[in-house]
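Note sheet for the following structure.
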Amino acid sequence: MIEALRTHVSGDTANTTDTAMAAPDALAAAAAPAGTAPAAPAVIPPTGHAPAAALDLSALDLAAVEAAVRRAAADEIMPRFRQLAAEDIVEKNGPHDLVTVADRLAEEQLTAGLSALLPGSRVVGEEAVHADPTVLDALSGDAPVWIVDPVDGTRQFVHGDPGFATLVALAHRGEVLASWTYAPALDLMAVARRGAGAELNGVPLHTGTPAPGAVLDVAISHFDFTTDDQKRVLAALDTDGIAPRPCGSAGLEYLYVARGEIDATAFSWENSWDHAAGLLLVHEAGGASGTVAGRPFRIEGGNALPFTAARDAETARRILGLLAAAN
């Protein structure tokens with residue numbers, strides 16, 4: 001059953017982070033038959049977590065991080081947007097899994113720039129992990145870690161679609177502390193800091209809640225990247241009151257949740273560079289997330305899949321209830 005949701009509600013509502021549900025039965029209503037009276041979930045504070053403040057961000061120039069992200073996009077990504085030659089594009093694991101020279105060079109620039117901003121930090125970048133999977137070990141270490149996806153939505157980038165983003169998150173001991181989601185072709189920069197909210201182009205972000213009775217707009221893993229079993233589980237969302245659609249850039253789908261433009265995501269893969277920045281963004285904008293195993297999503301991996309991020313806890317429970325029943 002779904003026993004836990006990670007939430008952060010801002011504004012006048014009571015704040016809870018890494019919230020744990022008091023009992024499995026409390027969320028049983030998420031998958032209960034129609035007509036069954038739901039039990040009200042009881043929420044208790046989180047326990048057993050190392051304090052996220054173990055890394056003092058006061059010494060880090062957050063504006064300099066944003067500048068480094070913008071600079072990498074300006075230097076290595078945007079000059080190649082709609083200008084790629086055939087030799088600039090390589091298949092990694094199949095025709096839908098692409099990498100370009102822009103991905104590689106932007107990640108190299110970000111790796112150098114971010115490491116300089118926080119001496120002693122490590123970088124886990126998508127392309128570095130592809131070349132050497134042991135790079136992922138840094139996520140479980142004691143050093144601060146920058147998690148980098150230089151071009152999230154490479155397929156969109158290759159096809160001249162502006163729906164791609166550069167994603168950067170800063171994590172320490174498994175906790176994501178800050179994130180930057182930058183869509184250079186759309187002129188969107190979303191920044192989140194743990195416990196301090198989220199902003200888009202300097203304006204505070206709030207997920208809001210879906211209108212009562214409204215059909216939920218849910219971005220799900222694109223079927224080009226899913227197994228038959230994953231397709232079967234995700235198909236549980238093709239039901240009354242929910243309108244699932246294939247996702248584009250994962251980072252931008254999280255931004256759309258944070259803006260209240262869509263209601264939820266349901267993803268069946270767990271690469272940290274795709275999810276770390278967006279999950280913090282959604283949480284700090286007031287949203288919720290969770291996995292079908294009833295645990296918060298772990299950036300180190302080993303998650304039960306699928307998982308969701310949603311505008312509010314009620315929506316997350318509904319999505320997870322359907323997925324858990326089909327899992």
Side-chain angles (χ1 to χ4, degrees), residues 1-8 16-32 41 43-44 46-50 124 129 133 136-137 139-140 147 169 171 173-176 216 218-223 225-239 242 244 246-247 250-251 253-254 257 263-283 287-327:
M1 290 303 297
I2 310 151
E3 301 169 4
L5 291 174
R6 292 169 62 90
T7 66
H8 180 88
T16 60
T17 35
D18 298 338
T19 54
M21 307 313 292
D25 291 344
L27 282 178
V43 179
I44 60 174
T47 59
H49 286 277
V124 171
V129 171
L136 279 172
D137 294 344
L139 294 174
S140 303
I147 305 170
R173 297 174 182 167
E175 297 287 349
V176 183
L216 299 180
V218 182
I220 67 172
S221 296
H222 199 291
F223 281 3
F225 301 93
T226 52
T227 65
D228 288 344
D229 191 54
Q230 289 168 342
K231 289 180 176 67
R232 177 187 59 78
V233 174
L234 292 169
L237 300 182
D238 190 7
T239 188
I242 298 178
C247 74
E253 301 294 3
Y254 283 118
V257 174
D263 300 302
T265 63
F267 292 143
S268 54
W269 83 100
E270 60 177 354
N271 296 333
S272 60
W273 48 85
D274 288 318
H275 304 301
L279 284 170
L280 182 68
L281 184 67
V282 169
H283 282 274
S289 71
T291 71
V292 291
R295 301 182 185 277
F297 183 91
R298 289 168 44 88
I299 61 170
E300 303 95 325
N303 295 284
L305 301 171
F307 71 100
T308 190
R311 293 175 67 186
D312 62 0
E314 182 177 352
T315 302
R317 292 185 185 100
R318 182 177 178 187
I319 298 299
L320 289 174
L322 290 167
L323 294 173
N327 214 28

**OP:** With side chain to side chain contact (heavy atoms under 4.5 Å, CB included) as the test, would you mind laying out the steps for T308 and V218 before giving the verdict?
**Re:** CA-CA 10 Å; T308 190; V218 182; 5.9 Å; no
Contacts of type side-chain contact (heavy atoms from CB on, under 4.5 Å), residue [X], not counting sequence neighbours:
X    : answer
D137 : T134
A304 : V292, A293
N303 : E270, T291, F297, R298, L305

Spacing of [atom1] belonging to [X] relative to [atom2] belonging to [Y], to within rounding of 0.5 Å:
X    : Y    : atom1 : atom2 : result
Y254 : D274 : OH    : CG    : 8.0 Å
L237 : I319 : CG    : CD1   : 5.0 Å
D312 : R318 : CG    : CZ    : 11.0 Å
E300 : L139 : CD    : CG    : 6.5 Å
N327 : L322 : CG    : CG    : 12.0 Å
I299 : I147 : CD1   : CD1   : 4.0 Å

**OP:** Show the numbers, then the answer: is there a ring-ring contact (aromatic ring centres under 6.0 Å, His included) between F225 and F267?
**Re:** CA-CA 10 Å; F225 301 93; F267 292 143; over 10 Å; no
Original post:
Can you name the residues that form a side-chain hydrogen bond (donor to acceptor under 3.5 Å, both in side chains) with T265, not counting sequence neighbours?
Top reply: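 For T265, no residue satisfies side-chain hydrogen bond (donor to acceptor under 3.5 Å, both in side chains) once neighbours in sequence are set aside.
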**OP:** State which residues pass side-chain hydrogen bond (donor to acceptor under 3.5 Å, both in side chains) with D238; sequence neighbours excluded, sorted by chain then number.
**Re:**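 Counting only residues at least two positions away or on another chain, D238 forms no side-chain hydrogen bond (donor to acceptor under 3.5 Å, both in side chains).
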Original post:
Residues in salt bridge (Lys or Arg N to Asp or Glu O under 4.0 Å) with D229, at least two apart?
Top reply: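 By the salt bridge (Lys or Arg N to Asp or Glu O under 4.0 Å) rule, D229 matches R232.
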Which heavy atom of [X] sits nearest to which heavy atom of [Y], and what is that distance?
X    : Y    : result
L320 : G290 : CD2-O, 3.5 Å
A277 : A169 : N-CB, 3.9 Å
Q230 : T226 : OE1-CA, 3.2 Å
A310 : V282 : O-CG1, 3.7 Å

Subject >> Step-by-step side chain to side chain contact (heavy atoms under 4.5 Å, CB included) determination, S221 to L234 >> reply: CA-CA 8 Å; S221 296; L234 292 169; 3.9 Å; yes
Subject >> Evaluation steps, side chain to side chain contact (heavy atoms under 4.5 Å, CB included), between S268 and V233 >> reply: CA-CA 9 Å; S268 54; V233 174; over 6 Å; no
Original post:
Which of parallel (below 30°), tilted (30 to 60°) and perpendicular (above 60°) describes H275 and W269?
Top reply: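 Rings of H275 and W269: tilted, as their planes differ by 30° to 60°.
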**OP:** Check the pair H283 / V176 against side chain to side chain contact (heavy atoms under 4.5 Å, CB included), numbers first and verdict last.
**Re:** CA-CA 11 Å; H283 282 274; V176 183; over 6 Å; no
